[in-house]
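I have placed the structure first, in the form of structure tokens, so that the comments after it can refer back to it.
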Amino acid sequence: MKIASWNVNSLNVRLPHLEQWLREAQPDVVGIQETKLADEKFPDAVLAGLGYRSVFSGQKTYNGVAILARERALDDVQMGIPGFEDEQKRAIAATVDGVRIVNLYVVNGQDVGTDKYAYKLRWLDAVHDWLAVELAAHPRLVVLGDFNIAPDDRDVHDPAVWNDTHILTSTAERDALRRLQALGLHDAFRLHHDQAGIFSWWDYRQAAFRRDLGLRIDLTLVSDALRGQAVEAGIDREPRTWERPSDHSPAWVRLEG
DNA sequence: ATGGTTGACAATCAA
């Protein structure tokens, strides 16, 4: 089962990109972030025509998450973080073929020390407690999404700039990610690749993609119970080369069996 | 260079 995460930065604009990538990559499950669509505008009929069922939690203009599953049911759908009041639609979970999928659009945080940064850390704290509950109920768990955190210096093009006081790489953010991983969640990409300089996001500004000035902030985490089944993981750069692309590329993991 | 580009939505906000 191939499981992927993609921040599309407006599903309205990127539906043709998603369609092309679904045809080419043939994922079985996809977590989408930044749909930027109210639920009544979600293109579930179009996706059904491509063989994908969908569940979604969206809002106008900002945020919005969805999970797609090819020819499989999406059961026990959870929208939002239980017990955490949040206007922003950033979390959705569902069970597919006995694998629990949690799809996160982690708060960006703007800059270290801002209100949005404090919200990011609060939000990650709530996610930690939620994932502990999810793991207890569903040992076969995949947590994926736009984490808006680069795990370590291999995941940034310039560690001198992207340092312990910079957003997406600050100490508190990386500590929060490590705390999630300490629940028993493993970065699938790092189970198979140790090289530096493989990225999933490139800023639209300064020709960052052409210069390969990126970060790896889109992750697929697999639980202890799935670790041995995560036989392959990667990031698809191609969609970032297409006309009018998202600033993110899809990250994926393949579970054997 | 407190810049730069994209998306949603119509003057800014968010990333």
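Below, read A as the first sequence line, B as the second, and so on, with proteins coming before strands; counting in each chain starts at 1.
Distance noted for atom P between B/dA1 and B/dA15: 27 Å (whole Å). Taking the P atom of each, B/dA8 and B/dG4 are spaced 22 Å apart, rounded to whole Å.
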Kindly give the atom pairs (protein nitrogen or oxygen, nucleotide nitrogen or oxygen) under 3.5 Å for nucleotides 12-15 of chain B.
residue: B/dA14; atom: OP2; partner: A/Lys116; partner atom: NZ; Å: 3.0
residue: B/dA14; atom: O5'; partner: A/Lys116; partner atom: NZ; Å: 3.3
residue: B/dA15; atom: OP1; partner: A/Arg90; partner atom: NH2; Å: 3.2

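Here A/Ala25 pairs with A/Lys2, A/Trp21, A/Pro27, A/Asp236 under the side chain to side chain contact (heavy atoms under 4.5 Å, CB included) rule; sequence neighbours left out.
Between A/Arg244 and B/dG7 there is a side-chain polar atom (N or O) within less than 4.0 angstrom of OP1 or OP2.
Taking CD of A/Gln20 as the start and CD of A/Glu238 as the end, the distance is 10.0 Å to the nearest 0.5 Å. Rounding to the nearest 0.5 angstrom, the gap separating the CZ atom in A/Arg154 from the CZ atom in A/Arg190 is 4.0 Å. Interatomic distance, A/Gln59 CD to A/Glu87 CD, rounded to the nearest 0.5 Å: 8.5 Å.
Atom CG in A/Leu15 sits roughly 12 Å away from atom P in B/dA8 (whole-Å rounding). Atom CZ of A/Phe209 is separated from atom P of B/dT6 by 14 Å (rounded to the nearest Å). Spacing between atom NZ of A/Lys60 and atom P of B/dG7 amounts to 18 Å, rounded to whole angstrom units. When rounded to the nearest whole Å, the span between CH2 of A/Trp202 and P of B/dT6 equals 16 Å. At whole-Å resolution of the value, CG in A/Leu213 and P in B/dG4 are 17 Å apart. Distance A/Gln206 CD to B/dT6 P: 12 Å, rounded to the nearest Å.
Residue A/Ala207 is the one, among A/Ala207 and A/Asn12, whose nearest nucleotide of DNA chain B lies closer to the 5' end (criterion: closest heavy atom).
A/Arg90 forms a cation-pi arrangement with A/Tyr105, by the criterion of a distance under 6.0 Å to the ring centre and an angle within 45° of the ring axis.
Pairs engaging residues 130-149 of chain A under the salt bridge (charged side-chain N to carboxylate O under 4.0 Å, His left out) rule: A/Arg100-A/Glu134 [sequence neighbours left out].
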